[in-house]
Number of protein chains: 2
Amino acid sequence: MIEKHLLKLRARDIVSAEEETAVRALVAETRAIPAKTTIIRAGQRLDTSTLLLDGWMCRYKDLCQGQRQITELHVAGDFVDLHSFTLKRLDHNIMALTPCRIGVVPHERLRALSEEQPHLTRIYWLTTNIDAAAHREWELSLGRRDATGRLAHLFCEMHVRLELVGLARGMRYMLPLTQQDLAECTGLTPVHVNRMLRDLREQRVVEMRRGVVHIHDWDRLVAIAEFSPDFLYLDPEPR
Amino acid sequence: MIEKHLLKLRARDIVSAEEETAVRALVAETRAIPAKTTIIRAGQRLDTSTLLLDGWMCRYKDLCQGQRQITELHVAGDFVDLHSFTLKRLDHNIMALTPCRIGVVPHERLRALSEEQPHLTRIYWLTTNIDAAAHREWELSLGRRDATGRLAHLFCEMHVRLELVGLARGMRYMLPLTQQDLAECTGLTPVHVNRMLRDLREQRVVEMRRGVVHIHDWDRLVAIAEFSPDFLYLDPEPR
DNA sequence: CGGTTAGTTGAGCTGGATCAAGCGTAGTGG
DNA sequence: CCACTACGCTTGATCCAGCTCAACTAACCG
């Protein structure tokens, strides 16, 4: 099930057979996580990182009156907190949105990798930089796109990312988020998310029902979102 | 003038004398940049990175109707686009806000460093992860803080970051941004920024006049911003 | 079949946007 | 030295996208 992770890496650079072996050797154990569990809290000291093998997770931050902002979504194949290897503690929480299977990667293995595998280290460095690019794209959404644009952009982004790991079937994919979750991604209220989803549905652009997104008109969706996949860095290049 | 950069690194980990030599050897040439110049455009292929020695720069993204979002501010000592080493081209533009002096760092030197200096590589990886943490904090601002909170948070963040490199004098520091620039950082309009600055001034919390920020009441400012410096990772730890 | 959670809709409100005008000051050129 | 210009700051009036509050409905589940 680490296959999805390898698909992600290979979309960005060549991974040799030996490197693949090194990647496979990272995971010390796998674990099941129930839905709606916060597995990592901000500030907590960490000595392992989490590779998401199956399910959906998110990073989020809270303000003291309970307002929550989800800063990134994670799908199977994502290294959810690879950055904790250098940061040692996180500035955000990590929560399972659905039941998940994770691979636990001890930091000492990453450290050994960083001493012995400079190329693979650059690839992993790259993946954290791609995470940051997604954060920037979300900053643009939150700061400058209107409500419909934010939702449309999220649907575009997730379509491309899921297709990459084989989790989209044509113009349809699973997105097991509630409207509350979508609101926390987009900086809106659940009520307004609901209305904007209705608009998009009535315009026959996208439809989201019981955790399934169905894109009726990709071009219109891209136009509404002003979506460009550049920030996902999907052209493999030697690093 | 690379001293400020070393101050930043040493706030996060121990940098040995040899490593310091390696850092100093990164800069191939220095260059002066006039104010209001976009030095790097999204998509452009890069083979050098930019170390900001003096002045102010920002990363920004545009939507097609001209709405602009600044995604991060940079001060002297920051490695403005270290991430271009692994990304090869950026998803955002980089602009000088003031006249700047920069150090040009060829990617081949970073590549050699990544082959020969695993510890320093981890430190630089860390600094790009701290950049990402700042992006997350801005996502929280843009998504969930109100206009006053966003401005207050920006003033807190810049105070801490400037103090670190010796650019704050007590509760006063230079912030050479126009109200238009502040609006592009905070996802607001210049008019609304102006009004919220007036509020903060009349409440005797902060004052910003002709590019100088003067904090009258740090505790109130922190409370309005719900500011915590955790996302800046200022406790040095071995990586 | 009753309880719980998520989605839907309506009515009214408000934070921040928009539009427009005026002001202060630094530079520029005559 | 003053007129002129340009740019950034300030303020007022009005508008609207998205929020709040509240009630209702649909789906799921033990």
Side-chain angles (χ1 to χ4, degrees), chain A residues 34-37 56 63 65-70 95 97-99 141-154 174-203 206-214 224-225, chain B residues 34-37 56 63 65-70 97-99 141-154 174-203 206-214 224:
Chain A
K36 312 276 168 189
T37 339
W56 287 70
L63 291 180
Q65 311 287 359
Q67 306 105 298
R68 174 166 299 182
Q69 181 63 42
I70 294 178
M95 175 171 64
L97 294 164
T98 64
S141 270
L142 293 164
R144 295 298 179 205
R145 277 188 254 257
D146 65 14
T148 330
R150 294 181 207 181
L151 287 167
H153 195 276
L154 189 69
M174 298 253 323
L175 185 70
L177 305 194
T178 64
Q179 293 182 0
Q180 174 76 41
D181 296 331
L182 288 177
E184 289 171 1
C185 291
T186 51
L188 302 167
T189 54
V191 174
H192 200 60
V193 166
N194 181 287
R195 291 192 226 271
M196 297 301 100
L197 288 177
R198 168 159 49 74
D199 284 5
L200 288 167
R201 189 189 327 125
E202 286 173 357
Q203 287 182 67
V206 236
E207 190 158 352
M208 178 169 170
R209 223 179 261 289
R210 259 164 278 120
V212 178
V213 171
H214 187 182
I224 292 168
Chain B
K36 312 274 165 189
T37 340
W56 286 70
L63 291 180
Q65 311 287 358
Q67 305 105 298
R68 173 167 300 181
Q69 181 63 41
I70 294 178
L97 294 165
T98 65
S141 269
L142 293 164
R144 293 300 178 204
R145 276 188 254 259
D146 65 14
T148 331
R150 292 182 207 181
L151 287 167
H153 195 276
L154 189 69
M174 299 250 327
L175 185 70
L177 304 194
T178 64
Q179 292 183 0
Q180 174 76 42
D181 295 330
L182 288 177
E184 288 171 3
C185 290
T186 52
L188 301 167
T189 55
V191 173
H192 201 60
V193 166
N194 182 287
R195 292 191 225 272
M196 297 301 101
L197 287 178
R198 168 159 50 74
D199 284 4
L200 287 167
R201 188 189 328 126
E202 285 172 357
Q203 288 182 69
V206 236
E207 189 159 351
M208 178 169 170
R209 220 178 263 289
R210 259 164 276 118
V212 178
V213 171
H214 187 182
I224 292 169

Classify every nucleotide of nucleotides 11-18 of chain D by which part a protein heavy atom approaches to under 4.0 Å, writing B for the base, S for the sugar-phosphate alone and - for neither, in 5'-to-3' order. BBB----B

When you check every protein heavy atom under 4.0 Å of nucleotides 23-30 of chain D, what one-letter string (B, S, -) results, 5' to 3'? -----S--

Please say whether more than 12 non-hydrogen atoms of neighbouring residues, nucleotides or ligands are located less than 6.0 Å from CD in A/E202. yes

Send over the distance from [X] [atom1] to [N] [atom2], rounded to a whole Å.
{"X": "B/E184", "N": "C/dG16", "atom1": "CD", "atom2": "C1'", "value": "17 Å"}
{"X": "B/L182", "N": "D/dT10", "atom1": "CG", "atom2": "C1'", "value": "15 Å"}
{"X": "B/L151", "N": "C/dG15", "atom1": "CG", "atom2": "P", "value": "16 Å"}
{"X": "B/R144", "N": "C/dG15", "atom1": "CZ", "atom2": "P", "value": "16 Å"}
{"X": "B/L177", "N": "D/dC7", "atom1": "CG", "atom2": "P", "value": "18 Å"}
{"X": "A/D199", "N": "C/dT8", "atom1": "CG", "atom2": "P", "value": "12 Å"}
{"X": "B/R209", "N": "C/dT25", "atom1": "CZ", "atom2": "C1'", "value": "13 Å"}

Reported [atom1]-to-[atom2] distance for the pair [X] and [Y], which is rounded to 0.5 angstrom:
{"X": "B/K36", "Y": "B/T98", "atom1": "NZ", "atom2": "OG1", "answer": "9.0 Å"}
{"X": "B/R145", "Y": "B/L154", "atom1": "CZ", "atom2": "CG", "answer": "10.5 Å"}
{"X": "A/M196", "Y": "A/L182", "atom1": "CE", "atom2": "CG", "answer": "13.0 Å"}
{"X": "A/Q69", "Y": "B/S141", "atom1": "CD", "atom2": "OG", "answer": "10.0 Å"}
{"X": "A/R150", "Y": "A/H192", "atom1": "CZ", "atom2": "NE2", "answer": "8.5 Å"}

Donor-acceptor pair, side chain of B/E207 and main chain of B/V213, under 3.5 angstrom: no

Any donor and acceptor pair, going by atom type alone, linking the side chain of B/R144 with main-chain N or O of A/Q67 inside 3.5 Å? no

Any side-chain N or O of A/Q180 less than 4.0 Å from the OP1 or OP2 oxygen of C/dA6? no

Taking all non-hydrogen atoms of both residues into account, name the closest pair between A/Q179 and A/N194 and its distance. OE1-ND2, 2.9 Å

